[in-house]
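In what follows, a structure is listed as structure tokens, so that the remarks can point back to it.
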Amino acid sequence: MCRRLAALPIVCLERAKELKTRLGILLHKSELRHGSREAGKLQLGSRQRDSSREVLEWRESFDQLLKSKNGVTAFHTFLKTEFSEENLDFWLACEDFKKTRSKTKLASKANRIFEEFVQSEAPREVNIDHETREITRKNLTGATSACFNEAQAKTRTLMEKDSYPRFLKSASYQDMTKQAASRSINKRLHT
């Protein structure tokens with residue numbers, strides 16, 4: 001069966017993956033509603049004063065969201081409701097990978113990330129084009145901290161242009177901003 005799939009054009013395979021995702025969303029519609037309610041209940045953390053400002057800063061830019069530990073957690077929870085958390089997980093794995101100093105660890109981590117996220121039919125395959133996938137595969141031969149740069153950049157762009165705007169419009173983020181705004185007002189009234 002895999003040989004027959006390999007003979008299909010990439011466009012057909014990508015369309016099939018898209019349809020699979022859409023069907024999954026329809027099949028899990030009730031879970032989706034429940035999951036987004038849970039995401040809305042996400043706590044802002046113990047640093048209430050700082051986290052109120054932080055939540056409001058997330059809408060300034062995608063970079064602001066990614067710089068925040070709470071922002072990454074809230075965004076990850078949101079992505080789970082859309083069945084696309086692998087994009088953020090891949091991006092985070094690449095960020096961690098770039099910090100690796102040992103050549104032997106670099107090679108083994110690179111292979112692990114490639115097998116989990118990049119190779120065709122990977123368990124948590126990210127949505128990148130065939131050309132980027134092949135460039136990344138070639139980069140593995142001489143694994144450096146930059147071998148995933150192109151794939152990571154494409155995944156980041158996809159999240160920034162697609163998932164991030166939906167996150168900002170989501171009920172969970174709207175609830176967090178309301179909580180943050182009310183905390184700011186209460187803080188001003190009590191000082």
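All figures in this text were calculated on a predicted structure; none of them were measured in a lab.
Hydrophobic clustering (ILVMFWY, side-chain heavy atoms < 4.5 Å, transitive): Phe75 and Leu158 are in distinct clusters. When hydrophobic clusters are built by joining Ile, Leu, Val, Met, Phe, Trp and Tyr residues whose side-chain heavy atoms come closer than 4.5 Å, directly or via intermediates, Leu140 is grouped together with Phe90. Met159 and Leu168 fall within the same hydrophobic cluster, defined by Ile, Leu, Val, Met, Phe, Trp and Tyr side-chain heavy atoms under 4.5 Å apart, directly or through other members. The hydrophobic cluster containing Met176 also contains Val72, counting ILVMFWY residues as joined when their side-chain heavy atoms lie under 4.5 angstrom apart, directly or transitively. In the hydrophobic cluster analysis, where Ile, Leu, Val, Met, Phe, Trp and Tyr join through side-chain heavy atoms closer than 4.5 angstrom, Phe148 is grouped together with Leu106.
Considering OG of Ser68 and CG of Asp63, their distance stands at 12.5 Å, rounded to 0.5 Å. One distance of note links CG of Asp89 with CD of Glu116; it measures 7.5 Å at 0.5 Å rounding. Atom CD of Gln179 and atom OG of Ser52 lie 8.5 Å apart (nearest 0.5 Å). Between atom CD of residue Glu150 and atom OG1 of residue Thr132 there is a gap of 4.5 Å, rounded to the nearest 0.5 Å. Taking CD1 of Ile113 as the start and OG1 of Thr136 as the end, the distance is 11.0 Å to the nearest 0.5 Å. To the nearest 0.5 angstrom, Glu134 atom CD is 7.5 Å from Ser120 atom OG.
Of all non-hydrogen atoms in Arg124 and Glu85, the two that sit nearest each other are NH2-CG, 4.2 Å. Between Glu82 and Ser163, the shortest heavy-atom distance links the atoms OE1-OG, 4.1 Å. For the residue pair Asn139 and Cys147, the shortest heavy atom distance occurs at ND2-O, 3.0 Å. Here the closest heavy-atom approach between residue Pro165 and residue Asp162 is recorded as CD-O, 3.4 Å. Across all non-hydrogen atoms, the minimal contact from Ala93 to Phe117 is CB-CE1, 4.2 Å.
For Glu131, the CD atom is loosely surrounded, since the number of other residues' heavy atoms within 6.0 Å does not exceed 12.
With ring centers used as reference points, Tyr173 lies 6.0 Å or more from Tyr164.
In this structure, Glu160 pairs ionically with Arg156, as a charged nitrogen and a carboxylate oxygen lie closer than 4.0 Å.
At least one side-chain heavy atom of Leu65 sits under 4.5 Å from a side-chain heavy atom of Phe167. You'll find the side chain of Asp96 reaches within 4.5 Å of the side chain of Lys109, heavy atoms only. Taking the side chain as every heavy atom from C-beta outward, Arg133 and Val118 approach each other to under 4.5 Å. At a threshold of 4.5 Å between non-hydrogen side-chain atoms, the residues Trp58 and Asn70 count as touching. A heavy-atom distance below 4.5 Å is not found between the side chains of Arg166 and Lys169. Using a 4.5 Å heavy-atom cutoff, the side chains of Asn87 and Ser84 are in contact. At a threshold of 4.5 Å between non-hydrogen side-chain atoms, the residues Thr81 and Phe78 count as touching.
Side-chain atoms of Thr73 come within 3.5 Å of backbone atoms of Lys69 as a donor-acceptor pair (strictly under, hydrogens ignored). Side-chain atoms of Thr144 come within 3.5 Å of backbone N or O of Ala146 as a donor-acceptor pair.
The closest side-chain donor-acceptor pair between Gln152 and Lys98 falls under 3.5 angstrom.
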